[in-house]
A.B. asks: 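Pasting a structure here, questions to come.
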Amino acid sequence: MPATRRASRFTRDATARTLGFTERDRVLLYALYRYPLLTTHQLVTLHPGSAQKTRWRLRELFDAGYVHRYNTKTDLTIPGSEPIVYALTDRGATWLAAHCPDIERLRVRYNENNARRTLASIPHGLMVADILLRFELACTCQPEAATFLTQAALLVQLPEARRRRRTPTQWNCPVVHQGQTLTLGNHPDQVFGLINRARPEGRNTLYFFLEADRGTETVQPVSGHLGKATLYRKLLAYYHTHLHKAHQAVFGDWMRNFRVLFVVDSTGRGRGGQTRLENLLETARAATENHLPDLFLFTTYDAFRASENPLTHAWVNALGEPRLLL
C-alpha cells in the first residue's frame with residue numbers, strides 16, 4: 001500500500017473537499033475580520049468548541065482559500081515549531097460579507113495585504129491583536145463593568161465617504177512647528193472603545209487610539225526636521241488632532257473624546273540611560289508643551305500582560321502619574 005501523502009502545513013491542498021459552512025466558520029472568519037492577524041491559540045480561545053476540531057477546520061479553510069497561513073519559524077536549528085498565524089483572504093471576506101448582514105466588504109485588499117507582510121511586521125500585528133483580545137475577553141467576563149467596541153463596530157458609524165476608503169482610519173492634520181505649518185498623518189494601529197457601565201448613559205463611552213511600540217522606531221528626531229518618521233512626529237500629530245478636533249471631522253461628532261494608548265515592548269536603555277518608556281514620557285511632554293498630560297497614556301507590554309485585568313491596569317500619563325482607563 002502506498003504511503004499516505006501529507007500536505008505541507010503552508011501549501012494548500014488542491015484536492016481538498018468542498019466545504020459545508022457552519023457557525024464555527026462564521027466565528028473564525030469574523031475574528032480575522034476584526035483582528036488582521038491571529039494565532040491558532042487565539043482563534044481556539046475565541047471559539048468555545050473543541051480545540052482539535054477548530055485546528056482541523058482552520059486547515060480546511062486554508063486549503064479552500066478562505067484564510068491565509070504564515071510560517072513564522074525562522075531558525076530551523078531550534079527544535080519545535082512556532083504558532084501558525086492566520087489572516088483573512090479576499091475570498092473569506094467576500095463570504096463573510098454575504099452571510100453576515102452587519103459586515104461590509106469595503107475596499108480592503110486582503111490578498112494584497114497578506115503578500116506584503118514580512119516576518120518583521122507579523123510580530124507587531126500579533127502584539128496589537130493580543131492587546132485588544134485581552135480587553136475584549138475582560139469585558140466578556142465582566143459585562144457589568146464594561147463593553148468592548150471593536151474597530152469594525154466603530155467603522156460602521158463613520159461618514160460613508162470616509163468608510164469607503166481603503167484606509168478609513170488614516171487622516172492628515174495641520175501642525176505648526178518652529179513657525180512652519182506642516183501636514184502630518186495619523187494612522188493608529190487600531191481604534192477601539194470602552195463603555196463604562198458605572199457612568200450615566202450618553203457620557204460613558206471612551207475612545208482610544210492604540211499604538212503598539214516594538215522599539216524599532218526612533219523616538220526623537222536627531223534634528224528639528226520632521227521629515228523622518230519618529231514617535232515625536234506621531235505624538236505631535238495626535239496632539240494637534242486634539243487641538244483642531246480633526247478626529248471629529250474624520251470619525252464624526254460622536255467621537256468627542258479620545259486618548260492615545262502606547263504599549264511599549266522594549267525596556268532597554270537608551271544612550272542617555274533612560275528606558276524607552278522614560279524617553280517616551282519626556283517626548284510626549286515636549287510634543288504637547290506640557291499641556292494635556294492625560295491625552296497620552298503609557299505602559300510596557302510586559303506589565304500589561306502581567307496585569308490580572310486590563311480594565312484595572314494602571315497606566316501612566318506624560319507626567320508619570322498613574323491613571324486608570326475606567
A.B. asks: Can a side-chain donor-acceptor contact be found between Y35 and E136 if the only test is distance below 3.5 angstrom?
C.D. replies: yes
A.B. asks: State plainly whether the residues R109 and D90 are in salt-bridge range, i.e. N to O under 4.0 Å.
C.D. replies: no
A.B. asks: Output yes when R256 and D253 qualify as a salt bridge under the 4.0 Å nitrogen-oxygen rule, no when they do not.
C.D. replies: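 A salt bridge is absent here (no side-chain N lies under 4.0 Å from a carboxylate O).
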A.B. asks: Answer yes when D63 and R12 have at least one side-chain N-carboxylate O distance shorter than 4.0 Å, and no when they do not.
C.D. replies: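 No.
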A.B. asks: Applying ring pair (Phe, Tyr, Trp, His ring centres under 6.0 Å), run through Y232 and Y239 and close with a yes or a no.
C.D. replies: CA-CA 10 Å; Y232 174 77; Y239 176 56; over 10 Å; no
A.B. asks: Applying a strict under-4.5 Å side-chain criterion to I, L, V, M, F, W and Y, I'd like to know whether I122 and I131 cluster together.
C.D. replies: no
A.B. asks: Evaluate D189 against H124 for side chain to side chain donor-acceptor pair (under 3.5 Å), listing each step before the verdict.
C.D. replies: CA-CA 9 Å; D189 291 329; H124 177 266; 3.2 Å; yes
A.B. asks: How would you list, by chain and number, every residue that makes a ring pair (Phe, Tyr, Trp, His ring centres under 6.0 Å) with F148, sequence neighbours excluded?
C.D. replies: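 In terms of ring pair (Phe, Tyr, Trp, His ring centres under 6.0 Å), with neighbours along the sequence ignored, F148 is linked to F192.
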A.B. asks: Go through Y207 and F258 one step at a time and tell me if the ring pair (Phe, Tyr, Trp, His ring centres under 6.0 Å) criterion holds.
C.D. replies: CA-CA 5 Å; Y207 300 103; F258 75 87; 9.7 Å; no
A.B. asks: Parallel, tilted or perpendicular for F209 and Y238, by the 30°/60° rule?
C.D. replies: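 F209 vs Y238 ring planes: parallel.
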A.B. asks: Cationic tip of R69 within the cone over F62's six-membered ring, i.e. under 6.0 Å and within 45° of the normal?
C.D. replies: yes
A.B. asks: Verify side-chain contact (heavy atoms from CB on, under 4.5 Å) between L326 and L324, making sure each step is shown before the conclusion.
C.D. replies: CA-CA 6 Å; L326 299 182; L324 299 178; 5.9 Å; no
